[in-house]
**Q** 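This structure is in C-alpha cells; I'll ask about it shortly.
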Amino acid sequence: MDIDLTLMNDPTLPPVVMPACPIEKKLKGQKALVTGAAGDLGSAISHGLAARGIDLVLLDCAEAPLAALGKELGARVKVATYVTDQTDL
C-alpha cells in the first residue's frame with residue numbers, strides 16, 4: 001500500500017510517495033513523538049505515521065492547529081497533544 005503525502009495540500013507540488021515495507025508490521029501499535037507537529041512537515045510526518053498505525057505524541061507551540069491535527073488523527077490512532085515551546089531546551 002503506497003501512501004500519498006502531498007505537503008501543504010498544494011496540488012502544484014508533486015506527491016511524496018512512501019512505499020510499504022515489511023517493517024510496517026513491526027511499527028503498528030508503536031509510539032512516535034513528533035515535535036513541530038502542527039507545521040507543514042510535522043503534519044505530513046504525523047499523517048504518514050498514523051496511516052501506518054503508529055500512536056502519536058504531538059508537540060507544538062501553536063495550540064489551535066495542534067488541537068485540530070490531534071482531533072483529525074485521533075480517529076485513526078491514539079494521540080496525545082502537548083502545547084510546548086522547545087526552543088529553550
Side-chain angles (χ1 to χ4, degrees):
M1 167 180 91
D2 289 346
I3 297 173
D4 179 359
L5 298 176
T6 305
L7 296 177
M8 301 184 309
N9 296 323
D10 184 344
T12 63
L13 294 176
V16 177
V17 177
M18 299 174 65
C21 63
I23 198 166
E24 286 185 19
K25 290 179 184 177
K26 293 182 181 181
L27 293 176
K28 187 170 183 159
Q30 297 296 315
K31 294 168 186 63
L33 181 131
V34 182
T35 60
D40 295 332
L41 185 56
S43 178
I45 290 169
S46 298
H47 277 93
L49 293 170
R52 286 165 170 74
I54 299 170
D55 296 330
L56 301 169
V57 177
L58 306 176
L59 307 176
D60 203 285
C61 61
E63 185 173 0
L66 180 63
L69 179 64
K71 185 176 180 180
E72 177 185 353
L73 297 178
R76 291 198 276 185
V77 295
K78 293 178 187 175
V79 177
T81 60
Y82 297 94
V83 178
T84 182
D85 186 351
Q86 301 94 8
T87 57
D88 293 335
L89 299 179

**Q** Would L59 end up clustered with I45 when hydrophobic side chains under 4.5 Å apart are linked, directly or stepwise?
**A**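 Unlinked, L59 and I45 end up in two clusters.
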**Q** Kindly give the heavy-atom pair with the smallest separation between A62 and A38, and that separation in Å.
**A** O-CB, 4.4 Å
**Q** List for me each residue that meets side chain to side chain contact (heavy atoms under 4.5 Å, CB included) alongside A32, sequence neighbours excluded, and say none if there are none.
**A**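 Side chain to side chain contact (heavy atoms under 4.5 Å, CB included) list for A32, sorted by chain: L49, I54, L56.
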**Q** Check whether any side-chain heavy atom of E72 lies under 4.5 Å from a side-chain heavy atom of H47, and answer yes or no.
**A** yes
**Q** By the side chain to side chain donor-acceptor pair (under 3.5 Å) test, which pairs, at least two apart or in different chains, include something from residues 55-65?
**A** none
**Q** Verify the cluster assignment for L66 and L33: are they in a single hydrophobic cluster under the rule of side-chain heavy atoms below 4.5 Å apart?
**A**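 L66 does not cluster with L33.
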**Q** Heavy-atom distance under 4.5 Å between the side chains of V57 and Y82, does that happen here?
**A**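 V57 vs Y82: side chains touch.
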**Q** For Q30, what residues pass the side-chain hydrogen bond (donor to acceptor under 3.5 Å, both in side chains) criterion, not counting sequence neighbours?
**A** none
**Q** Identify the two heavy atoms, one from G70 and one from T81, that lie closest to each other, and give their separation to 0.1 Å.
**A** CA-CG2, 3.9 Å
**Q** Return the minimal non-hydrogen interatomic distance between A37 and L69, and the atom names on each side.
**A**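 Closest heavy-atom pair between A37 and L69: O-CD2, 3.1 Å.
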**Q** Between L73 and S46, is any pair of side-chain heavy atoms under 4.5 Å apart?
**A** yes
